[in-house]
Novice: 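Mind having a look at this structure? Questions to follow.
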Amino acid sequence: MSRADSSDTAKGPPPLVTTSSSAVTKKAVGKRKRDSEIRLVPDDQRIFKSQRFYFFPNSDKHPARKLRIAKAIEFGATWESEFNESVTHIVADKSMDYGLLLKYLKKDALPPHIALVSENYPAECITFCRLLDPRQPQFKVRGYDLSAAAPPISSASSDRSLKLKPAPDSVRARQPETPVQDDRVPESPPTVSTEDGEGEEDRNPSAPPIESTAEFDAALKQARDLRHVPLDMEEDSGSRPTSSDGPATDDERPPAGSELDRRKKGKAQNYQAKFQCMHKHTGSDENPNVGTIAILQQMAEYYNQVGDEWRTRAYRKAISTLRNHPTKVWTREEALALPQIGGRLASKIEEIAYTNRLRRLDNAKAEPQDQVLQTFMQVYGAGFAQASKWVNAGYTTLDELVEKAELTPNQRIGIDHYADFNSRIPRAEVEQHGNAVRKALHKIDPAFDVIVGGSYRRGAKDSGDIDCIITRPNTDLPHIRQVVLDQLVPKLFAKRFLMAELAATSRDDGSKWHGASCIAGSSSSTGIWRRIDLLLVPSDELGAALIYFTGNDIFNRSLRLLASTKGMRLNQRGLYKDVIRGKGREKLSEGTLVEGRDEKRIFEVLGVPWRPPEHRIC
DNA sequence: CAACAGAAGCT
DNA sequence: AGCTTC
DNA sequence: GTTG
Ligand SMILES: O=c1ccn([C@H]2C[C@H](O)[C@@H](COP(=O)(O)OP(=O)(O)OP(=O)(O)O)O2)c(=O)[nH]1
Ligand SMILES: [Mg+2]
């Protein structure tokens, strides 16, 4: 249970605070303290001069809202750390409503001189370079009736359903009439290909779960949410390109009918349950909780867009367990019994089950802004922070970014090859790229090995990129690095196979190279730029490197979490034991190497039953 | 109440 | 040190 | 958001 924030739907107000101690100067015109200075725009542009803003929630803890507050200050606003009568504007998150605000302020109504506006207000004003009329419908806050002198409190309180947590604000700026026009994205939306998760059936009847399974499971649970939940939208396909970020779709499936009887209900059942990750959800029909899941997914998506990483994870965890739950969950108690579902989610689940919807989300999501943000975040080299800035700056298309925004070289490449980088690579083409690398390398020194890892090694029918492990028996890293950097890469560039360098390892340390490659010739894939990753690994580390580079990411995290619970540490070089961790799991000693060379032995030491790459999908 | 994997490269 | 990616 |  979390008590940390007492606030939620019913009771407490959102955790504002900010000010109190020292976080912010009382009436900050700029908050000193941590980001020391916010540079104000020239005096004549300070459209918010002498305006006093109070945000709701009023904390700058979350990344996106922080940005917005900073922006307002930049344009002359004073940020009131506490509510008082001098406030001129209250800027409320989309997820908030009038009722919540009143409740928090302990008031029956808002003084008429204070303007209540929604979160997009500051950005709009900045866009138009002037103070806009707060009464415009676009700035309306739910439950706040502008026409009524004293808006009834009831309006809002009535809609106590699932409220969004005071989250970091969602970034928004001017509203584009035209969403993002990506001319760069031909037909295939940069989106995720709908995945057909099918690679699930675990075979492994033979390997009954050993004890450690439980631990691994636990670890796995913690980790799996991280992955972008694969939403399978079979039917609703066309409708939404969102799916958050993931190119996560693997549909890796073991070639043959791996389906084996799942005999042994007992442990096998248990075992199975834990590894739901390799679960297929093939039919959209078969899960009784689809409705609930859909809504929770929207919530997760919302929090994701708002930059609330951990809450997003929590939602995804819950979604994951719901997805594997065979029966429809109706009540709070029922939900509470499930792993990764606590009191808050349990209540929400119950409510969703009955009402089948979530009102809070209505205004907070699916706004055009979200689409823009999504689009920007899919630019290679741009993450949440950068995409938010762009959105806040008012950009709405990729073209606009190219024209007006400052881009890093990688971001420029990311935009120029936006469609390419966001499309899946057919398995056969992955092979071609791998072969090109291998062939060139063998010409330099036939003793080298190239292993294509990533989703390819897991058996996926298509991949997001090409992950190559480059190694050589009895060879150390410096030598491998030298060959790769001094010979292989230049050679592949000369052959016009490599087209760009996105991240290179420095000459004397480092072990990876990231760039873009392209197959010449005349196939359907000709001319498409692909991201390619080279991982340079000395022979002693091959096992650990294989685990790392084979993934999937969720699997890795779960394994690493498990290791840490055993006083060990797993990374791409090896498994270490007797790791000393200080406060906050901080690594104090490297620990001593246990195993790095043999993939299987790492599993053994960790007490995890071996699973082939195809089964490492969580 | 802190942890939720662990690391590398770029800006 | 923050951001982004693997 | 949930968990140890
Ligand atoms: O956050 C991450 C991302 C990736 N990896 C590992 C696992 C993953 O399998 C491998 C390659 O990364 P990539 O992003 O290419 O993922 P993938 O599994 O190959 O999927 P995709 O088909 O999108 O390339 O690196 C991690 O450990 N953590
Ligand atoms: Mg990959």
Side-chain angles (χ1 to χ4, degrees), chain A residues 1-5 8 34-35 63 164-165 167 218-226 245 247 296 299-300 303-304 307-321 335-336 338-349 377 379-389 406-411 414 421 453-455 464-465 467 469 501-506 509-514 531-536 544-545 547-565 568-576 579 581 583-587 590:
Chain A
M1 317 238 135
S2 52
R3 72 225 99 302
D5 17 340
D8 188 6
R34 44 110 82 87
D35 52 18
L164 290 177
K165 231 0 202 222
L220 204 136
K221 288 186 169 165
Q222 287 247 308
R224 72 181 154 219
D225 58 310
L226 302 176
D245 45 341
L296 291 180
M299 304 245 269
Y303 286 122
N304 185 42
D308 197 335
E309 179 190 356
W310 298 110
R311 188 168 273 118
T312 301
R313 284 191 191 182
Y315 270 84
R316 289 183 167 156
K317 273 189 222 171
I319 288 168
S320 193
T321 85
L336 216 36
L338 302 174
Q340 310 306 314
I341 295 181
R344 311 182 142 240
L345 274 174
S347 299
K348 289 179 169 73
I349 288 170
M377 282 203 298
V379 171
Y380 180 89
F384 178 80
Q386 186 58 260
S388 294
K389 285 178 191 164
E406 289 220 336
L407 305 173
T408 66
N410 281 2
Q411 287 162 355
F421 286 175
S455 49
D465 64 1
D467 302 298
I469 287 181
E501 179 173 276
L502 297 168
T505 149
S506 62
D509 68 309
S511 54
K512 75 182 190 193
W513 190 92
H514 195 181
R531 287 173 296 137
I532 186 167
D533 252 358
L534 308 182
L535 186 67
L536 320 184
I547 290 178
Y548 162 62
F549 230 34
T550 298
N552 66 3
D553 51 354
I554 303 294
F555 180 86
N556 287 353
R557 296 169 79 157
S558 62
L559 210 55
R560 290 173 179 206
L561 187 62
L562 172 59
S564 87
T565 67
M568 298 190 275
R569 175 171 62 104
L570 176 64
N571 62 18
Q572 56 267 57
R573 311 183 116 85
L575 177 65
Y576 302 76
V579 175
R581 290 185 152 92
K583 64 179 321 167
R585 278 249 158 357
E586 183 192 7
K587 178 182 64 189
E590 299 274 299

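Below, all heavy atoms of this structure are taken into account, side chains as well, without hydrogens, waters or symmetry copies. Quick note on labels: first sequence line is chain A, next is B, and so on, each numbered from 1.
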Novice: If you compare all heavy atoms of Met377(A) against all heavy atoms of Ala387(A), which two are closest, and at what distance to 0.1 Å?
Specialist: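 Between these two residues, the closest heavy atoms are CG-CB, 3.4 Å.
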Novice: Along nucleotides 6-11 of chain B, 5' to 3', which nucleotides get a B, which get an S, and which get a -, given that the test is a protein heavy-atom distance under 4.0 Å?
Specialist: BSBSSS
Novice: Nearest 0.5 Å, please: how far is CZ in Phe421(A) from CG in Leu502(A)?
Specialist: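 Answer rounded to 0.5 Å: 5.5 Å.
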Novice: Send over the distance from Arg557(A) CZ to dA5(B) C1', rounded to a whole Å.
Specialist: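 In whole Å, dA5(B) C1' lies 6 Å from Arg557(A) CZ.
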Novice: For Trp513(A) and dC6(C), what is the distance between atoms CH2 and P respectively, to the nearest whole Å?
Specialist: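 My rounded result for the distance is 13 Å.
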Novice: Look at the side chain of Ser320(A) and the backbone N and O of Arg316(A), then say whether any donor-acceptor pair between them is shorter than 3.5 Å.
Specialist: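 Between the backbone of Arg316(A) and the side chain of Ser320(A) there is no qualifying donor-acceptor contact (under 3.5 Å).
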Novice: Among the nucleotides dG1(D), dT5(C), dT4(C), which one has an atom lying closest to any side-chain atom of Tyr380(A)?
Specialist: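 Selected nucleotide (nearest to the side chain): dT5(C).
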Novice: For Arg311(A) and dT2(D), what is the distance between atoms CZ and P respectively, to the nearest whole Å?
Specialist: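 The answer, rounded to whole Å, is 9 Å.
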Novice: Measure the distance from OH on Tyr303(A) to C1' on dT2(D) and round it to the nearest whole Å.
Specialist: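 After rounding, the gap between these two atoms is 14 Å.
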Novice: The side chain of Asp533(A) is closest to which nucleotide in this list: dG1(D), dC6(C), dA5(B)?
Specialist: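 Per side-chain heavy atoms of Asp533(A), the pick is dC6(C).
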Novice: Can you tell me the distance, in whole Å, between the CD atom of Gln386(A) and the P atom of dT5(C)?
Specialist: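 Result: 10 Å.
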Novice: Under 4.0 Å: is that the gap between some side-chain N or O of His514(A) and OP1 or OP2 of dC6(C)?
Specialist: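 Yes, because at least one side-chain N or O of His514(A) sits under 4.0 Å from OP1 or OP2 of dC6(C).
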Novice: Arg313(A) side chain N/O closer than 4.0 Å to the phosphate oxygens (OP1, OP2) of dC4(B)?
Specialist: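 No, because none of the side-chain N or O atoms of Arg313(A) sits under 4.0 Å from OP1 or OP2 of dC4(B).
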Novice: Look at all strands and tell whether Val579(A) reaches a base, only sugar-phosphate, or nothing, counting heavy atoms closer than 4.0 Å.
Specialist: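 Val579(A): no heavy atom of the nucleic acid under 4.0 Å.
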Novice: Can you check the distance between dT3(D) and dA5(B), where both ends of the measurement are the P atom (answer in whole Å)?
Specialist: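 Comparing P positions in dT3(D) and dA5(B) gives a spacing of 16 Å.
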Novice: Does some side-chain heavy atom of Leu534(A) sit less than 4.5 Å from a side-chain heavy atom of Thr505(A)?
Specialist: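 No, too far: nothing below the 4.5 Å cut-off.
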Novice: Atom CG of Asp308(A) and atom P of dC4(B): how far apart are they, to the nearest Å?
Specialist: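 Taking atom P of dC4(B) as the reference, CG of Asp308(A) is at 17 Å.
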Novice: Would you kindly give the CG-to-P distance between Asp465(A) and dT4(C), to the nearest whole Å?
Specialist: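 Rounded to the whole Å, the gap is 19 Å.
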Novice: Mind telling me whether Tyr303(A) and Tyr315(A) have parallel, tilted or perpendicular rings, with 30° and 60° as the class edges?
Specialist: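 Ring orientation of Tyr315(A) relative to Tyr303(A): tilted.
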Novice: Rounded to the nearest Å, what distance is computed from the CD atom of residue Glu309(A) to the P atom of nucleotide dA5(B)?
Specialist: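 Interatomic distance, CD of Glu309(A) to P of dA5(B): 9 Å.
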Novice: Quote, to the nearest angstrom, the P distance that separates dC6(C) from dC4(B).
Specialist: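 Straight-line distance between the two P atoms is 23 Å.
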Novice: Kindly point out which of dG1(D), dC3(C), dT2(D) is positioned nearest to the side chain of Gln340(A)?
Specialist: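 Selected nucleotide (nearest to the side chain): dT2(D).
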Novice: Do Trp310(A) and the base of dC4(B) stack face to face, with centres under 5.5 Å apart and an angle between planes under 30°?
Specialist: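 Yes; by the centre-distance and plane-angle rule, Trp310(A) counts as stacking on dC4(B).
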Novice: Using the rule given for side chain to side chain contact (heavy atoms under 4.5 Å, CB included), can you reason through Tyr548(A) versus Asn571(A), listing the C-alpha separation, both sets of side-chain angles and the distance that settles it, and then say yes or no?
Specialist: CA-CA 7 Å; Tyr548(A) 162 62; Asn571(A) 62 18; over 6 Å; no
Novice: Kindly say whether Ile547(A) contributes a backbone atom to a donor-acceptor pair with the side chain of Thr550(A) at under 3.5 angstrom?
Specialist: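 Side chain of Thr550(A) to backbone of Ile547(A): no pair is present.
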